[in-house]
Amino acid sequence: MSGSALRVIAVASNKGGVGKTTLAVNLAVFARAADPALPVLVLGLDDQDLIDRMFGDARPAPHDLAKALRSGDLRPAIRAGRYGIHYVPTSPTIGELKQEVAEHRLLRDVLERSGWNGLVVVDTKSDLEILTQSAIWASDLTLVPVADQTSLLEAEKVFQLLERFGRGRERARIVLSLVDLRIKYRDAEHGDVLALLVGQIRARRLPLIEAFVSRSPRIEALHTNVAARPLPVLEGAPDSLVCVQLQHIVSDVLRLLASSERAPAARSERRSESRLPYRERLVAFRAAEPRLVELEAHDLSRSGLGANAAAKLSAGERLHVALRRPTGHPALLWARVVRSGGGEGFHFEGPHGQADAALDELLGAQAGVLGESAA
Amino acid sequence: MAAHVTFAASHPVAATPQLEQLAARLGPGHRVVHWDSRARDPAAVASALLAEATGVRPLDPLFAFAAFLMHLRGRSERLLVMIDDLDGIPASTLAWLRETLESSGGALRAVAATSDDASAARAAARLGLTLSVARPAGAREQLFPHWLGVAALCALAASTLLLVVLQ
């Protein structure tokens with residue numbers, strides 16, 4: 001991502017308790033860690049002070065976000081905080097502001113006037129009220145945490161709002177949050193909660209970030225300690241699974257922002273969202289016997305592989321899938337088994353790095369052979 | 001890197017048990033498979049090795065074998081191929097073995113035995129072996145464990161180990 005441009009990420013959901021603030025603050029910390037030259041600013045559009053306690057302190061501030069938005073000038077309120085993150089102190093009375101604001105362009109206008117050149121992460125209230133709408137309008141990318149079926153149903157409202165704004169659905173991505181893989185279903189078609197939600201998200205054709213965040217008591221405990229200072233995952237649990245998952249999410253988010261900077265941005269993303277015919281005999285490797293499984297692949301996209309497997313696989317099972325490069329050599333990607341409509345699918349786990357390049361190569365070759373009409 | 005270790009036994013010994021002993025000394029992380037001497041071409045060899053390692057004979061064994069090695073490499077595991085009749089392998093198949101060893105990034109290792117120095121030299125040239133540990137003069141049966149230890153150390157450092165069993 002270019003450090004010289006204002007780029008805004010909003011984290012929004014109409015449902016509370018889905019991990020919005022945890023995602024927002026950790027996204028900021030990981031993005032800054034990934035690129036120490038990138039200025040990162042965090043704003044919180046509700047009256048909770050977690051952002052202040054994590055990055056600074058919770059003392060009343062002479063300039064807070066409500067005052068800044070009222071005055072239209074963010075600059076006096078921006079503070080340098082821990083981890084190289086800048087933040088604007090949250091306001092205990094920000095709720096009153098929604099009575100005064102009628103224009104959803106407010107936040108974007110204020111941010112542009114502030115001259116901030118870098119990333120802005122906006123945490124929102126669990127309500128699609130005017131301030132949250134303003135954050136979604138201001139954002140280049142909105143992340144919508146989904147932890148269960150209720151929050152998935154609520155997530156649709158964010159995509160409907162984008163459509164009302166005349167913006168495409170690709171301006172938002174669902175992030176599966178607080179996923180508890182201990183939740184299993186007797187119905188073999190769905191397997192576990194991850195497979196169930198992924199299947200339902202795909203059925204609704206909602207864009208999804210490939211990596212997800214697991215539920216973890218260790219991560220939840222980072223918000224409660226003697227010092228009353230919430231810790232980001234990178235400091236409090238750097239060796240945890242969630243830390244790796246967040247790194248993957250941030251990598252994907254920064255890649256999406258970078259691709260949206262390019263004009264015309266849409267082509268690579270459009271290609272990545274489409275499924276292209278990919279009729280190949282492939283193999284995958286699994287933990288259980290038989291360890292090697294043959295696949296008959298039929299289509300491919302950035303998010304996954306459509307295929308039928310020669311052996312019985314469990315929904316949610318993790319496999320190392322070998323795709324065939326145009327050269328004939330294999331490229332391996334980790335994937336999870338997803339079942340829908342009686343067939344099998346392989347949902348890639350957060351393509352990034354080499355895997356991302358391999359997909360670009362494969363999808364590029366497919367598009368080249370088939371032409372744009374196939375997409 | 002490849003290694004060439006030569007040792008002699010004072011009486012006729014079979015190559016296979018020596019290779020088994022050597023494999024046992026290489027420790028965990030090595031998945032041991034045996035080269036099927038009936039397999040002549042690379043596809044048949046890859047199919048047989050995959051069948052032993054995974055229980056499946058894939059329809060495209062060369063692609064599947066290359067993918068399997070990448071999979072093992074990602075898990076820091078190795079496939080150790082024991083070849084007890086290197087002399088009987090066709091030159092084209094040896095060339096494939098060499099290429100696969102070199103491209104596997106350490107995921108594939110081979111320990112091979114030959115029956116005399118001349119065939120060892122031929123095989124070494126075809127396998128691209130560069131390091132040679134000289135055969136000690138007058139090695140005796142009681143030195144055998146010691147030389148197995150040396151061979152194991154070489155095998156851990158090398159992608160290929162060539163063992164010459166003089167009978």
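In what follows, chains carry the letters A, B, and so on, assigned in the order in which the sequence lines appear, proteins first and then strands, with residues in each chain numbered from 1.
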Derivation of the side chain to side chain contact (heavy atoms under 4.5 Å, CB included) call for A:V293 and B:V56:
CA-CA 8 Å; A:V293 177; B:V56 175; over 6 Å; no
Should we count NE2 of A:H298 as having more than 12 external heavy atoms under 6.0 Å?
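Atom NE2 in A:H298 is crowded, with more than 12 foreign heavy atoms closer than 6.0 Å.
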Check the surroundings of atom CD in B:E99: do more than 12 heavy atoms from other residues, nucleotides or ligands lie under 6.0 Å from it?
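Atom CD in B:E99 is not packed in, count stays at 12 or less.
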Are the charged groups of B:E77 and A:R291 less than 4.0 angstrom apart, N to O?
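Yes, charged N to carboxylate O under 4.0 Å.
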Distance, nearest 0.5 Å, that separates CG of B:D60 from CZ of A:R281
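Separation between the atoms: 8.0 Å.
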To the nearest 0.5 Å, what is the distance between CZ (B:F68) and NE2 (A:H320)?
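Atom-to-atom, B:F68:CZ and A:H320:NE2 are 12.0 Å apart.
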For the residue pair B:T54 and A:R286, establish whether any side-chain heavy-atom pair is separated by less than 4.5 Å.
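No, their side chains stay 4.5 Å or more apart.
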Contact class of [X] relative to chain A, heavy atoms under 4.5 angstrom:
X     : result
B:L69 : neither
B:R57 : backbone
B:L62 : neither

Evaluate side chain to side chain contact (heavy atoms under 4.5 Å, CB included) for B:R73 paired with A:L332, printing each intermediate quantity in order.
CA-CA 11 Å; B:R73 188 179 174 193; A:L332 265 70; over 6 Å; no
Considering non-hydrogen atoms only, spot the tightest contact between A:L323 and B:F63 and give its length.
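Looks like O-CZ, 3.8 Å.
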Of all of B:P58, B:A53, B:G74, B:G55, which one pairs up most often with chain A through heavy atoms under 4.5 Å apart?
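If we count pairs closer than 4.5 Å to chain A, B:P58 comes out on top.
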Check the pair B:L72 / A:F285 against side chain to side chain contact (heavy atoms under 4.5 Å, CB included), numbers first and verdict last.
CA-CA 10 Å; B:L72 291 179; A:F285 304 96; over 6 Å; no
